[in-house]
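Accompanying notes for the structure given below.
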Protein chains: 2
Amino acid sequence: MPDFDKLDKAIHEKGRLSIMTLLATRMAWSFQDLKAELSMSDGNLITHLRTLHKLGLVAVTKEIRDRPQTSYALTEKGRSAFQEYLRVLEQIVKAGRK
Amino acid sequence: MPDFDKLDKAIHEKGRLSIMTLLATRMAWSFQDLKAELSMSDGNLITHLRTLHKLGLVAVTKEIRDRPQTSYALTEKGRSAFQEYLRVLEQIVKAGRK
DNA sequence: AAGATAACTTTGTAATACAAAGCTTGGAAG
DNA sequence: CTTCCAAGCTTTGTATTACAAAGTTATCTT
């Protein structure tokens with residue numbers, strides 16, 4: 001049976017799960033790209049990003065490049081936490097497909 | 001990219017996801033078995049079950065069998081909603097493993 | 001009748017998602 | 001320089017909801 005206790009609550013929430021998935025597919029995403037891809041409000045997006053950042057799962061890079069532009073990327077900790085999370089998802093899929 | 005919009009919110013919540021997964025593996029579960037397996041409080045468990053029932057995803061059968069015993073099972077709708085949900089999980093796993 | 005257990009219901013608290021609107025900073029255009 | 005705009009962030013408010021704990025009802029056992 002899947003190990004539901006290991007379903008990291010911070011990652012599991014829909015908005016943050018979306019963010020984490022995107023961050024896992026590319027090295028770095030700008031705030032604008034995330035916002036466009038996920039169609040979230042500024043406030044909601046940044047709150048989720050901050051939550052993930054506070055937990056050490058996401059790194060924030062601010063650079064000024066034409067316009068000010070902030071980029072977000074997974075930390076090592078974030079990457080492994082996400083892989084761990086995915087492991088539980090796999091268990092669920094496996095159990096649910098039976 | 002995964003279709004996050006299709007992540008049914010009712011199913012996605014951790015407690016209900018656990019329930020749905022268990023219900024998908026066996027035809028029917030008694031209230032007591034669910035409670036033992038998930039170590040949830042009575043109130044919390046029944047609230048989740050009622051939420052799922054109201055949405056038509058879970059069927060409730062009350063029988064009196066030695067002690068009163070209520071059983072819960074997926075409806076057809078519940079089964080297909082869950083499969084749809086699992087399809088999104090698979091997309092997430094696939095995207096996240098890259 | 002008394003007790004025990006299943007299955008609820010009720011109540012209260014704390015967390016949190018989300019939108020909307022405002023603020024701030026930096027660059028570009030006049 | 002100042003006006004404008006967009007990026008990023010903060011604040012505020014609302015509404016939802018998870019969850020625990022305690023109380024209630026109904027049914028079976030002794």
Side-chain angles (χ1 to χ4, degrees), chain A residues 2 4-23 28-73 81 85 88, chain B residues 2 4-23 26 28-55 57-73 85 88 92:
Chain A
F4 295 107
D5 295 336
K6 286 199 180 151
L7 258 196
D8 186 330
K9 208 181 164 190
I11 299 178
H12 188 63
E13 191 279 328
K14 199 170 167 178
R16 288 187 299 266
L17 175 54
S18 313
I19 293 172
M20 291 294 285
T21 306
L22 292 195
L23 292 185
W29 286 73
S30 71
F31 185 86
Q32 289 305 315
D33 286 354
L34 286 175
K35 186 179 155 188
E37 182 75 29
L38 301 173
S39 27
M40 280 190 206
S41 68
D42 281 25
N44 195 17
L45 177 53
I46 206 156
T47 304
H48 283 318
L49 284 170
R50 176 156 54 233
T51 300
L52 294 170
H53 175 63
K54 273 185 189 161
L55 293 168
L57 305 182
V58 164
V60 185
T61 310
K62 305 192 189 206
E63 56 181 322
I64 295 173
R65 183 188 176 72
D66 188 27
R67 307 211 143 276
Q69 175 170 316
T70 309
S71 290
Y72 300 88
Y85 175 85
V88 184
Chain B
F4 296 106
D5 295 335
K6 286 200 178 149
L7 258 196
D8 186 331
K9 208 181 163 190
I11 299 179
H12 188 62
E13 192 278 327
K14 198 170 166 177
R16 288 187 298 267
L17 176 54
S18 312
I19 293 172
M20 291 293 286
T21 306
L22 293 194
L23 293 185
R26 263 188 8 207
W29 286 73
S30 71
F31 186 85
Q32 289 304 315
D33 286 353
L34 286 175
K35 185 179 155 186
E37 182 75 29
L38 301 173
S39 28
M40 281 190 206
S41 68
D42 281 25
N44 195 17
L45 176 54
I46 205 155
T47 304
H48 283 317
L49 284 169
R50 164 148 353 105
T51 299
L52 294 169
H53 175 63
K54 274 186 189 161
L55 292 168
L57 305 181
V58 164
V60 185
T61 309
K62 305 191 190 206
E63 56 181 322
I64 295 172
R65 181 189 176 71
D66 188 28
R67 307 210 143 277
Q69 176 170 317
T70 309
S71 291
Y72 299 87
Y85 176 85
V88 184
I92 292 171

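All figures in this text were calculated on a predicted structure; none of them were measured in a lab. Convention: sequence-line order gives letters A, B, ...; per-chain numbering from 1.
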Distance check needed: [N] [atom2] versus [X] [atom1], whole Å only.
X       : N      : atom1 : atom2 : result
A:Ile19 : C:dA17 : CD1   : P     : 10 Å
B:Glu63 : D:dT27 : CD    : P     : 14 Å
B:Met40 : D:dC19 : CE    : P     : 7 Å
A:Leu45 : D:dC9  : CG    : P     : 10 Å
B:Ile11 : D:dA18 : CD1   : P     : 14 Å
A:Arg50 : D:dG8  : CZ    : C1'   : 11 Å
A:Leu38 : C:dA17 : CG    : C1'   : 15 Å
A:Leu49 : C:dC18 : CG    : C1'   : 14 Å

Please tell me which of the listed nucleotides, [options], lies nearest to the side chain of [X]?
X       : options               : value
A:Phe31 : D:dG8, C:dA7, C:dA19  : D:dG8
A:Glu13 : C:dA17, D:dA18, C:dA7 : C:dA17
A:Arg16 : D:dA18, D:dG8, C:dA17 : C:dA17

Given [N], is OP1 or OP2 found less than 4.0 Å from the side-chain N or O atoms of [X]?
X       : N      : value
B:Gln32 : C:dA7  : yes
A:Tyr72 : D:dG8  : no
A:Ser41 : C:dC18 : no

Open item on the list: Does the plane of the ring in A:His12 sit parallel, tilted or perpendicular to the ring in A:Tyr85? Use 30° and 60° as the thresholds.
Closed with: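 Ring orientation, 0 to 90° scale: tilted.
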Task: Along DNA chain D (nearest heavy atom to each residue), the more 5'-positioned of A:Asn44 and B:Gly15 - done: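 That would be A:Asn44.
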Open item on the list: Which is more 5' along DNA chain D, the nucleotide nearest B:His48 or the one nearest B:Asp42? Just name the residue.
Closed with: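 Nearest-nucleotide comparison on DNA chain D picks B:His48.
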Task: For A:Leu52 against A:Ala10, the heavy-atom pair lying closest together - done: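 Nearest pair, atom of A:Leu52 first, then A:Ala10: CD2-O, 4.3 Å.
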- [ ] Would you mind telling me which residue lines up with the more 5' stretch of DNA chain C, A:Gly43 or B:Gln69, judged by nearest nucleotide?
- [x]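 Here B:Gln69 is the residue nearer the 5' end.
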TODO: Starting from the 5' end of DNA chain C, give me the residue, B:Lys35 or B:Thr47, whose nearest nucleotide shows up first.
DONE: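 In this pair, the answer is B:Lys35.
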- [ ] Starting at CG of B:Leu57, measure out to OG1 of B:Thr51 and round the result to the nearest 0.5 Å.
- [x]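 Interatomic distance, B:Leu57 CG to B:Thr51 OG1, rounded to 0.5 Å: 10.0 Å.
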- [ ] To the nearest 0.5 Å, tell me how far B:Phe4 CZ sits from A:Leu22 CG.
- [x]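 It is 5.5 Å, given to the nearest 0.5 Å.
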Open item on the list: Once you apply a heavy-atom cut-off of 4.0 Å, does B:Lys14 come out as touching a base, just sugar-phosphate, or nothing?
Closed with: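 No contact at all - B:Lys14 keeps every heavy atom at 4.0 Å or more from the nucleic acid.
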Task: Minimum side-chain heavy-atom gap A:Arg16-A:Ile11 below 4.5 Å - done: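 Sidechains of A:Ile11 and A:Arg16: no contact.
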